[in-house]
Amino acid sequence: MRVCVIGTGYVGLVTGVCLSHIGHEVICVDNNAEKVKLMQSGQSPIYEPGLSEIMQSSMASGRLSFTTDLGKGVNHGDILFIAVGTPPLPTGESDTRYVEAVARGIGENLNGGYKVIVNKSTVPIGSGDWVRMIVLDGIAERQRVPVGAGVSAAANSIEAQFDVVSNPEFLREGSAVYDTFNPDRIVLGGSNPKAIAMMKELYEPIVERQFSEDTSLPTVPVLVTDLSSAEMVKYASNAFLATKISFINEVANICDRVGADVTQVAQGIGLDSRIGNKFLQAGIGWGGSCFPKDVSALVHTADDYGYEAELLKATINVNDRQRLLSLEKLQQVLKILKGKTVGLLGLTFKPDTDDMRDAPALVLIEHLNRLGAKVKAFDPIVSQSGIGSGLSGVIVETDPERLADGCDALVLVTDWKQFKELDYAKMAGLMHTPILIDGRNYLDQAEIETAGFRYVGIGR
Ligand code: NAD
Ligand code: UGA
């Protein structure tokens, strides 16, 4: 099928690349010319395991291309994905101006053939109908342009036919390609059977598990709902997962006080199939580009409709407090932080990504600076790329030993698998005081202690 994906960030680029890999003809559009140039040269602007390889093979097959020309993309695609960002506004609600610009641009460029416009971006409940209205505004805008001003009379007289479908995305950064080929479910919100049938055809190879790691698994469930319910599925999923993490973090804090070990407790409760063992890793809080903004946006939506979402507010409050936990633990062991040097192992909000949006490390850096500590950091991706130069208040080191050199304590912030293999004995020898706060309960306490460290975990 012919597909256009507008917005080539973590979601849009992965979607475009994966859809071309399964056989569709995809044009990806982005208004960032520099980014488009980079992608046209076969390079991915983001770090996502496995992405570059399939991007290059799809480009070589001629099924994937990149442009800044929205009109070209809209003309090409029978299915048009909107995958631009919806960052948070200071009030907590979602900033939908990029979605609006794209929807208007689609309307201005619709060429008359039937199109399915897909909201892949996470958008506030009710956005499906709103996007429809903006597209219609775009069409009306174009019809006001006199013939001869770049628009043919034929194009102007065409009554565009389109439907809007909500198709929320559930991929995780760091495993985005894997998640796209191995989804737990595909959700399609819309009312026109024709549009839903086209979306089912698009996803058929994935639904049939032709690209799954285990092709013998049952087909992927496809849930068809109304527009608003699909939009709510997205917010409710992220809110549930964030609440689950805040729950185990709260349990960890109680474990700390009563002398229980949260890793054993998580194992014990996770064996209950009604609870499940995923997303029960206690630590220094959830971050990233989605949980914080999506939980806040849902609280805001509830508020708009006169409902106070108390549980979700508590989820956020617990997380805000959790992000300061490693600071508290540093104060407990080092007492005064002024004049001390703290080394951070990891900067990104989770492993296997270069994304620093709302990363717990940023909060830690800010507070350590405020308390007069010097902050250094090593991150397997940030230290190699140029991203670190944009950070203030932290010296980004090129290797773990340079990080450890002269530190009064280390904090493991991100559970990169590389951190399992470091030469901790050598690092302990380079430190002023060998203390390690394991903010993700990721390392083996006995091994770290044998290497010469004082080990402090979360809730253990
Ligand atoms: P991103 O910020 O990484 O990328 C957005 C892209 O859109 C950028 O490349 C930007 O240049 C482009 N863009 C902005 N305005 C444009 C315009 N008018 N025309 C063309 N391109 C334009 O965003 P992201 O992380 O990929 O998230 C996109 C959406 O998907 C958000 O709504 C997010 O909540 C949702 N989502 C994200 C993830 C994730 O893991 N990042 C997962 C699920 C859902
Ligand atoms: C999350 C969801 O998992 C995806 O399904 C969703 O598509 C995406 O948000 C989105 O809407 O953008 P992502 O943010 O990429 O994906 O990463 P997660 O693996 O969910 O981790 C989020 C945060 O929670 C990270 O800071 C991670 O360290 C933390 N986390 C995760 C924990 O503290 N404990 C856990 O047990 C799991």
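One-based numbering along the sequence shown. Order of listing sets the numbers, starting from 1, for every ligand and every atom in it. A quick note: this is a predicted structure, and the numbers were derived from the prediction, not measured.
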Q: If you measure every N/O of Ser289 against every N/O of ligand 2, is any gap under 3.5 Å?
A: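 By distance alone, the answer is no.
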
Q: Please confirm whether Gly287 comes under 4.0 Å of ligand 2, counting heavy atoms of the residue only.
A: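 Contact present.
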
Q: Hey, is Asn238 touching ligand 2 through its side chain, its backbone, both or neither, going by heavy atoms under 4.0 Å?
A: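 Looking at Asn238 and ligand 2, just side chain atoms fall under 4.0 Å.
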
Q: Test side chain to side chain contact (heavy atoms under 4.5 Å, CB included) on Lys120 and Thr15; report intermediate values, then the result.
A: CA-CA 9 Å; Lys120 187 62 132 175; Thr15 302; 4.0 Å; yes

Q: Which protein heavy atom lies closest to atom 5 (O) of ligand 2, and at what distance to 0.1 Å?
A: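 The closest heavy atom on the protein side is Phe170 O, 2.8 Å.
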
Q: Does NZ or CZ of Arg440 lie under 6.0 Å from the centre of the six-membered ring of Phe419, at an angle within 45° of the ring axis?
A: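 No, Arg440 does not sit over the ring of Phe419.
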
Q: Write out the residue and atom name of the closest protein heavy atom to atom 43 (C) of ligand 1, then the distance separating them to 0.1 Å.
A: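 For atom 43 (C) of ligand 1, the nearest protein heavy atom comes out as Glu169 O, 3.4 Å.
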
Q: Leu368 versus Leu330: any side-chain heavy-atom pair under 4.5 Å?
A: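 Of all side-chain heavy-atom pairs linking Leu330 with Leu368, at least one is under 4.5 Å.
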
Q: Select the closest option to atom 39 (C) of ligand 1 among Lys293, Lys350, Lys35, Glu173, judged by heavy-atom distance.
A: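 Closest candidate by heavy-atom distance is Glu173.
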
Q: Judged on heavy-atom distance to atom 3 (O) of ligand 1, which of Gly9, Ala33, Cys290 sits nearest?
A: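 Of the listed residues, Gly9 has the closest heavy atom.
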
Q: Which atoms form the tightest heavy-atom contact between Glu108 and Gly138, and what is the distance?
A: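 Looks like CG-O, 3.4 Å.
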
Q: Out of Asp184, Ile245, Ile458, indicate the one that has the non-hydrogen atom closest to atom 31 (C) of ligand 2.
A: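 Answer by nearest heavy atom: Ile245.
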
Q: Give the contacting part of Asp179 toward ligand 2: side chain, backbone, both or neither, where contact means a heavy-atom distance below 4.0 Å.
A: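 For Asp179, no heavy atom sits under 4.0 Å from ligand 2.
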
Q: With a 6.0 Å cut-off (strictly less than), is the heavy-atom count around CD of Gln418, excluding the residue itself, greater than 12?
A: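 It does: Gln418 CD has more than 12 such atoms within range.
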
Q: Regarding ligand 2, does Leu171 bring an N or O atom to under 3.5 Å of one of the ligand's N or O atoms?
A: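 Right, the criterion is met.
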
Q: Can you figure out which of Asn31, Val99, Asp179 has its heavy atom closest to atom 17 (C) of ligand 1?
A: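 It is Asn31 whose heavy atom sits nearest to atom 17 (C) of ligand 1.
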
Q: Can you tell me which residue and heavy atom of the protein come closest to atom 15 (O) of ligand 2, and the distance to 0.1 Å?
A: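 Nearest protein contact, heavy atoms only, for atom 15 (O) of ligand 2 is Glu173 N, 2.7 Å.
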
Q: Leu412 vs Ile437, test: side chain to side chain contact (heavy atoms under 4.5 Å, CB included). Steps then yes/no.
A: CA-CA 6 Å; Leu412 187 143; Ile437 313 283; over 6 Å; no

Q: Among protein heavy atoms, which lies nearest atom 32 (O) of ligand 1, and at what distance?
A: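 Looking at atom 32 (O) of ligand 1, the protein heavy atom closest to it is Thr86 OG1, 2.5 Å.
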
Q: If you measure from CD on Gln322 to OG on Ser246, what distance do you get to the nearest 0.5 Å?
A: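 Answer for the CD-OG pair, Gln322 versus Ser246, is 7.5 Å.
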
Q: Salt bridge or not between Lys37 and Asp30? Use side-chain N to carboxylate O under 4.0 Å.
A: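 Not counted as a salt bridge, because no side-chain N and carboxylate O are separated by less than 4.0 Å.
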
Q: Would you say that Tyr442 contacts Thr414 through its side chain, given a criterion of any heavy-atom pair below 4.5 Å between the two side chains?
A: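 The answer is no; the side chains never approach within 4.5 Å.
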
Q: Indicate yes or no: does Arg357 engage Glu173 in a salt bridge with an N to O separation below 4.0 Å.
A: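 Yes, this pair counts.
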
Q: Between Val11 and ligand 1, does any nitrogen or oxygen pair lie at a separation below 3.5 Å?
A: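 By distance alone, the answer is yes.
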
Q: At their closest point, which heavy atom of Leu347 faces which heavy atom of Ala359, and how far apart are they?
A: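 Scanning both residues completely, I find the closest heavy atoms to be O-CB, 3.4 Å.
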
Q: If you count the non-hydrogen atoms of other residues, nucleotides and ligands that lie under 6.0 Å from CZ in Phe240, is the total more than 12?
A: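 Not buried by this count: 12 neighbours or fewer within 6.0 Å.
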
Q: Have a look at Gly439, Pro168, Cys290 and point out the one with the heavy atom closest to atom 12 (O) of ligand 2.
A: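 Checking each option, the heavy atom nearest atom 12 (O) of ligand 2 is found in Cys290.
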
Q: Would Arg172 count as a contact residue for ligand 1, given that I'm defining contact as a non-hydrogen atom of the residue lying under 4.0 Å from a ligand atom?
A: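 The answer is no: ligand 1 sits nowhere under 4.0 Å from a heavy atom of Arg172.
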
Q: Between the candidates Phe279, Tyr10, Trp286, which shows the shortest non-hydrogen contact distance to atom 37 (C) of ligand 2?
A: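 Considering heavy atoms of Phe279, Tyr10, Trp286, the nearest to atom 37 (C) of ligand 2 sits in Phe279.
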
Q: For Phe211 and His21, take the angle between the two ring planes, folded into 0 to 90°, and tell me which bin it lands in: parallel under 30, tilted 30 to 60, perpendicular over 60.
A: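 Rings of Phe211 and His21: perpendicular, as their planes differ by over 60°.
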
Q: With atom 29 (C) of ligand 1 as the reference point, say which of Val5, Ile6, Val84 has the nearest heavy atom.
A: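 It is Val84 that holds the nearest heavy atom.
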
Q: Within a distance under 4.0 Å of any heavy atom of Glu169, pick out the atoms of ligand 2 and give their elements.
A: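 Taking each heavy atom of Glu169 in turn, ligand 2 has 7 (O) under 4.0 Å.
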
Q: Under 3.5 Å between some N or O of ligand 2 and some N or O of Pro360?
A: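 Pro360 vs ligand 2: no N/O contact under 3.5 Å.
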
Q: What is the nearest protein non-hydrogen atom to atom 7 (O) of ligand 1, stated with its residue, atom name and distance?
A: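 Protein heavy atom with the smallest distance to atom 7 (O) of ligand 1: Gly7 CA, 3.5 Å.
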
Q: How does Lys350 reach ligand 2, if at all, at less than 4.0 Å between non-hydrogen atoms: by side chain, backbone, both, or neither?
A: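 The part of Lys350 near ligand 2 is the side chain, not the backbone.
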
Q: Of all the non-hydrogen atoms in the protein, which one sits nearest to atom 34 (N) of ligand 2, and at what distance?
A: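 Ranked first by proximity to atom 34 (N) of ligand 2 is Gln281 O, 2.9 Å.
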
Q: Should one rank Phe170, Phe291, Tyr10, Tyr98 by closest heavy-atom distance to atom 24 (P) of ligand 1, which comes out on top?
A: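 Result: the heavy atom closest to atom 24 (P) of ligand 1 is in Tyr10.
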
Q: Is there a side-chain contact between Val29 and Cys4 (heavy atoms, below 4.5 Å)?
A: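 Of all side-chain heavy-atom pairs linking Cys4 with Val29, at least one is under 4.5 Å.
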
Q: Need the ligand 1 atom indices (1-based, order shown) with element for anything under 4.0 Å from a heavy-atom of Ser289.
A: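 What qualifies from ligand 1 is 41 (N).
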
Q: Using a 4.0 Å cutoff against the non-hydrogen atoms of Ala83, which atoms of ligand 1 qualify?
A: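 Heavy-atom distances to Ala83 below 4.0 Å select 28 (C).
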
Q: Any heavy-atom pair between the side chains of Asp358 and Phe291 that's under 4.5 Å?
A: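 Of all side-chain heavy-atom pairs linking Asp358 with Phe291, none is under 4.5 Å.
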
Q: For the pair Thr263 and Asp261, evaluate side chain to side chain donor-acceptor pair (under 3.5 Å) and give the outcome as yes or no after the intermediate values.
A: CA-CA 6 Å; Thr263 60; Asp261 180 341; 2.6 Å; yes

Q: Any N/O of Phe349 closer than 3.5 Å to an N/O of ligand 2?
A: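 For ligand 2, there is an N or O atom that lies under 3.5 Å from one belonging to Phe349.
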
Q: Looking at atom 5 (C) of ligand 1, what's its closest protein heavy atom, distance included?
A: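 Atom 5 (C) of ligand 1 sits closest to the protein heavy atom Gly85 N, 3.6 Å.
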
Q: Do you know which of Leu298, Asp294, Thr122 makes side chain to side chain contact (heavy atoms under 4.5 Å, CB included) with Asn238?
A: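 Of all the options given, the one that passes is Asp294.
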
Q: Report, in ascending order of atom number, the atoms of ligand 1 lying under 4.0 Å from any heavy atom of Arg357.
A: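 Near Arg357, the atoms of ligand 1 are 1 (P), 2 (O), 3 (O), 23 (O), 25 (O).
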
Q: Work out which heavy atom in Asp163 is nearest to a heavy atom in Ala195; give both atom names and the distance.
A: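 Where Asp163 meets Ala195 most closely, the heavy atoms are CB-CB, 3.9 Å.
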
Q: Given side chains that start at C-beta, do those of Val456 and Leu436 come closer than 4.5 Å, heavy atoms only?
A: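 In short, these two side chains do not touch, never coming nearer than 4.5 Å.
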
Q: Can you pull out the closest protein heavy atom to atom 3 (O) of ligand 2? Residue, atom name and distance to 0.1 Å, please.
A: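 Result: Arg172 CG, 3.3 Å.
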
Q: Given Thr122, Asp294, Asp30, Asn32, which has its nearest heavy atom closest to atom 11 (O) of ligand 1?
A: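 Minimum heavy-atom distance to atom 11 (O) of ligand 1 goes to Asp30.
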
Q: Relative to the heavy atoms of Val102, which atoms of ligand 1 are at a distance of less than 4.0 Å?
A: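 The list of qualifying atoms is 17 (C), 18 (N), 19 (N).
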
Q: Which protein heavy atom lies closest to atom 28 (O) of ligand 2, and at what distance to 0.1 Å?
A: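 Heavy-atom neighbour on the protein nearest atom 28 (O) of ligand 2: Arg440 NH1, 3.3 Å.
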
Q: Counting heavy atoms only, which part of Lys234 comes closer than 4.0 Å to ligand 2: side chain, backbone, both or neither?
A: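 Within the 4.0 Å criterion, Lys234 contacts ligand 2 through side-chain atoms alone.
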
Q: Of the protein's non-hydrogen atoms, which lies at the shortest distance from atom 1 (C) of ligand 2, and what is that distance?
A: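 I find the closest protein heavy atom is Phe291 CE2, 3.4 Å.
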
Q: For Asp304 and Thr301, run side chain to side chain donor-acceptor pair (under 3.5 Å): C-alpha distance rounded to whole Å, both residues' side-chain angles, the deciding distance at 0.1 Å, then the answer.
A: CA-CA 5 Å; Asp304 278 349; Thr301 299; 5.3 Å; no

